[in-house]
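Convention: sequence-line order gives letters A, B, ...; per-chain numbering from 1. Values below: all heavy atoms of this structure, side chains included; hydrogens, waters and symmetry mates excluded.
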2 protein chains.
Amino acid sequence: MATRERRPERRQEPLSRERIVGAAVELLDTAGERGLTFRALAERLATGPGAIYWHVTGKAELLAAATDAVIAPAVAPADAEATPEQAIRTLALGIFDALDTHPWVGPQLTLTERHSPLLRVFEGIGRQVQALGVPESARFTAASALMSYILGVAGQNAAGSRSVPPGTDRAAHLGAVADSWAELDPGHYPFTREVAGQLRVHDDEAEFLAGVDLILGGIAAGLR
Amino acid sequence: MATRERRPERRQEPLSRERIVGAAVELLDTAGERGLTFRALAERLATGPGAIYWHVTGKAELLAAATDAVIAPAVAPADAEATPEQAIRTLALGIFDALDTHPWVGPQLTLTERHSPLLRVFEGIGRQVQALGVPESARFTAASALMSYILGVAGQNAAGSRSVPPGTDRAAHLGAVADSWAELDPGHYPFTREVAGQLRVHDDEAEFLAGVDLILGGIAAGLR
DNA sequence: ACCTGAACACCGTTCAAGT
DNA sequence: ACCTGAACACCGTTCAAGT
């Protein structure tokens, strides 16, 4: 009577690099960085841990591939209609969102890595910096500053959500931090106390874009 | 004849949280993040791994303590003579240097951690932002942007030097990356190719400060 | 109160053996 | 060519036992 239940739920596709990376991203998203295990991955793919090594050299490459899979779609080509400023905001927001949904990516990103997925981002920002009319000698600095800022925010956001049990309410967490800021010693932390309220109500994305605009303002000021 | 050689080289100080954290920092600096092991640490301290747990709850706290030990001295109180801009540059440079000598700190830093060593940095920046004459409603944004930028650069630098065998010549590594940039497909990466030369010769610290000045310029522009 | 070090429950990675 | 899964050399952490 239970004999027929053994049939697999769905036909087993062959193992492939693509499936492995996809499963790795899922695992990282749901279980966090510590959740990505060759054993857990193997179980999800209904195979043994050794099989994965046929398609991927090791954990480092797996993480790099997962990072790439998540960043690449975030970098859409610029809308031809957009102003350089708008194009930069769109690009920045793309990475911001990607790192927001996948908090584990942040630490993986390095621009100096030889085939970094950030190269596309840097290129995109650089072109718009050029379109803004920044002279050649100042372009590298301007593009780097924008990149660094974006990665800094994303990294902080990611670190913040990593330090919290996955699925915790973001607003609640922010509120708790704001509370602790409001309770700081006024003698040592007058400024931080003062802005605790702004931390509590602030909109991550709007705050992020305000920072981008601050840098764009500095770039524009340099052109005058 | 060999009997007397067994005397310990130096008198063994008692184990303490301070000694443990100090040894952890040394281990992290010399052997990298993967080098920090309870066994390696125990060996350095001439004890068993279990002994460490009497003074420290676990690896997470150990890393946090090591991070704090490295960041705290980098945040000196502002020179009373300095302009707000200068004070911000000094502060920024302090963290930059700390993260540069200790590349493993970057990923540990989160502002939203309840007792983050970054709180002091944020407070310091915030005060100077206030001194610049930024209106209250814009201070949080300005201070956050500066913080994020600083952490972004530091994180990138750290990630860069982490991806390289410890002790490798920095200039050589930068040169190699610049070479690979210069060889990029001109159709897809015209901007990055163009600035490859600037990456090769650029001065990390000067570039970093130029970015700080860009944000300060944006803040100043907002005041006009 | 503080330290010891064996033991437990994990890891990433390898590899002989299978198909 | 691709997969299996036991085995190896590690981890962080615990804990009975010592001083």
| query | Any salt bridge (charged side-chain N to carboxylate O under 4.0 Å, His left out) pairs touching residues 142-156 of chain A, not counting sequence neighbours? | reply | none
| task | Nearest whole angstrom, please: distance from the P of dC3(C) to the CZ of Arg19(B). | result | 9 Å
| request: May I ask you to say whether Arg139(A) pairs ionically with Glu194(B), meaning some side-chain N is under 4.0 Å from a carboxylate O? | output: yes
| request: Let me know the distance between CZ of Arg34(A) and C1' of dA9(C), rounded to the nearest Å. | output: 12 Å
| task | Please report, rounded to the nearest Å, how far the P atom of dC3(C) is from the CD1 atom of Ile20(B). | result | 8 Å
| Closest to side chain of Ala51(A), choosing from dC3(D), dG12(C), dG12(D) | dC3(D)
| message | I want to verify a distance call: between dA6(D), dG5(C), dC3(C), whose nearest atom is closest to the Pro49(A) side chain? | response | dA6(D)
| query | Atom CG of Leu15(A) and atom C1' of dA1(D): how far apart are they, to the nearest Å? | reply | 13 Å
| query | Going by distance alone, is a donor N or O of one side chain under 3.5 Å from an acceptor N or O of the other, for Thr112(A) and Gln156(B)? | reply | no
| query | Please, what dot-bracket string fits DNA chain C when only Watson-Crick and G-U pairs with both distances under 3.5 Å count, crossing ones use [ ] and pairs to another strand use |? | reply | ||.|||||...|||||.||
| said: Heavy atoms within less than 4.0 Å of DNA chain D: which residues of residues 57-67 of chain A have one? Give them sorted by number. | reply: none
| Which residue pairs satisfy the salt bridge (charged side-chain N to carboxylate O under 4.0 Å, His left out) criterion with at least one member in residues 63-78 of chain B, sequence neighbours excluded? | none
| message | Any carboxylate oxygen within less than 4.0 angstrom of a Lys/Arg side-chain nitrogen, looking at Asp185(B) and Arg193(B)? | response | no
| said: Listing request: all salt bridge (charged side-chain N to carboxylate O under 4.0 Å, His left out) pairs with a residue in residues 117-127 of chain B, at least two apart in sequence or in separate chains. | reply: Glu123(B)-Arg127(B)
| Quick one: salt bridge (charged side-chain N to carboxylate O under 4.0 Å, His left out) pairs with a partner in residues 91-105 of chain B, sequence neighbours left out? | Asp100(B)-Arg170(B)
| task | Round to the nearest Å and state the distance from Tyr53(A) atom OH to dA16(C) atom C1'. | result | 17 Å
| Leu41(B) has an atom CG; how far is it from atom C1' of dG12(D), in whole Å? | 12 Å
| request: Provide, to the nearest angstrom, the distance between the CD atom belonging to Glu43(B) and the C1' atom belonging to dG5(C). | output: 14 Å
| request: With heavy atoms under 4.0 Å as the rule, sort Leu36(B) into base, sugar-phosphate or nothing. | output: sugar-phosphate
| task | Answer yes or no: does a side-chain N or O of Trp54(A) lie under 4.0 Å from OP1 or OP2 of dC3(D)? | result | no
| request: Would you mind checking if Glu26(B) and Arg44(B) are paired as a salt bridge, meaning a charged N to carboxylate O distance below 4.0 Å? | output: yes
| Distance in angstrom units between Leu45(B) CG and dC2(C) C1', rounded | 15 Å
| query | Between Phe140(A) and His202(B), how do the two ring planes meet: parallel, tilted or perpendicular, split at 30° and 60°? | reply | perpendicular
